Amino acid sequence: QVQVVESGGGSVQAGGSLRLSCAASGNIFSINDMGWYRQTPGKQRELVAHITSGGSTKYGDFVKGRFTISRDNAKNTVYLQMNSLKPEDTAVYYCNADGYERGNYYVRTFDAWGQGTQVTVSS
């Protein structure tokens, strides 16, 4: 089973920056897409940023150029650089990765979610 673990969350003042990391581990054959999602208590989980295996990126409309997603395929790791943070960015940030993992005889698909990391932005 593939596991993803987020790190880098914390508490910052408005206008500050954080860099989130997410490392995937397990019997990974290949990773296709990786992404960051966030969720505030009582709110629906929403896409923050997404990156394909080829490096194509998508961002939530609320990012407005403030965030950058990147990945290191050799390390099975995805990053989210967050700048100019706003109080509205306060949420639990979750990492997602999908692709193929090694089975006993064949590869199989996986879709893994991390446990989340708290980001708190104070005004």
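This structure is a prediction, so every number in the text was calculated from the model and none was measured.
- For the residue pair Asn83 and Ser17, a side-chain donor N or O sits within less than 3.5 Å of a side-chain acceptor on the partner.
- Of all non-hydrogen atoms in Lys64 and Asp61, the two that sit nearest each other are CG-O, 3.4 Å.
- Closest of all the heavy-atom pairs between Met34 and Ala97 is CE-CB, 4.0 Å.
- In this structure, Gly9 and Val119 approach most closely via the heavy-atom pair CA-CG2, 4.3 Å.
- From Arg19, atom CZ reaches atom OG1 of Thr68 across 9.5 Å, with rounding to the nearest 0.5 Å.
- In this structure, the side chain of Ser56 does not engage the main chain of Gly54 through any donor-acceptor pair within 3.5 Å.
- Checked by atom type and distance alone, the side chain of Thr40 pairs as donor or acceptor with a backbone atom of Thr90 at under 3.5 Å.
- Within the model, atoms CZ of Arg102 and CD1 of Ile28 stand 10.0 Å from one another, a figure rounded to the nearest 0.5 Å.
- Under a hydrophobic clustering in which Ile, Leu, Val, Met, Phe, Trp and Tyr are joined whenever their side-chain heavy atoms come within less than 4.5 Å, directly or via other members, Phe62 and Val121 fall into the same cluster.
- For the residue pair Gly35 and Ile69, the shortest heavy atom distance occurs at CA-CD1, 4.3 Å.
- With values rounded to the nearest 0.5 angstrom, Leu18 atom CG is found 5.5 Å from Leu85 atom CG.
- Taking CG from Leu20 and CE from Met82, the interatomic distance works out to 4.0 Å, rounded to the nearest 0.5 Å.
- A distance of 11.0 Å separates SG in Cys95 from CD in Gln3, rounded to the nearest 0.5 Å.
- With a 6.0 Å radius and a threshold of 12 heavy atoms from other residues, nucleotides or ligands, Gln13 has its CD atom at or below the threshold.
- The two residues Ala14 and Ser123 come nearest to each other via the heavy atoms CB-CA, 4.4 Å.
- The backbone N or O of Glu101 lies less than 3.5 Å from no partner atom in the side chain of Arg108, so there is not a single donor-acceptor pair.
- Ring centroids of Trp36 and Phe67 are separated by 6.0 Å or more, keeping the two rings apart.
- Partners of Asn73 under the side chain to side chain contact (heavy atoms under 4.5 Å, CB included) rule, at least two apart in sequence or in another chain, are Arg71.
- Taking hydrophobic clusters as Ile, Leu, Val, Met, Phe, Trp and Tyr residues chained together by side-chain heavy-atom distances below 4.5 Å, Val12 shares a cluster with Tyr93.
- Note on Leu47 and Tyr79: separate hydrophobic clusters, where clusters join Ile, Leu, Val, Met, Phe, Trp and Tyr whose side-chain heavy atoms are under 4.5 Å apart, directly or indirectly.
- Under a 3.5 Å cut-off, the side chain of Glu46 and the backbone N or O of Arg38 do not form any donor-acceptor pair.
- Applying the disulfide (SG to SG under 2.5 Å) test to pairs two or more places apart or on separate chains, none has a residue in residues 54-90.
- With a 4.5 Å cut-off on side-chain heavy atoms, Val48 and Leu80 count as touching.
- Listed for the Thr120 side chain is no donor-acceptor partner under 3.5 Å among the backbone atoms of Ser11.
- Between the Asn96 side chain and the Gly114 main chain, no donor and acceptor come within less than 3.5 Å of each other.
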With side-chain contact (heavy atoms from CB on, under 4.5 Å) as the criterion, how do Val78 and Ile51 come out once you've worked through the C-alpha distance, each side chain's angles and the decisive distance to 0.1 Å? CA-CA 9 Å; Val78 63; Ile51 186 168; 4.1 Å; yes
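- Distance check, rounded to the nearest 0.5 Å: OH of Tyr94 to CH2 of Trp113 gives 9.5 Å.
- Defined by atom type and a distance below 3.5 Å, a donor-acceptor pair is missing between the side-chain atoms of Gln44 and Gln39.
- Side-chain atoms of Tyr59 do not come within 3.5 Å of backbone N or O of Arg66 as any donor-acceptor pair.
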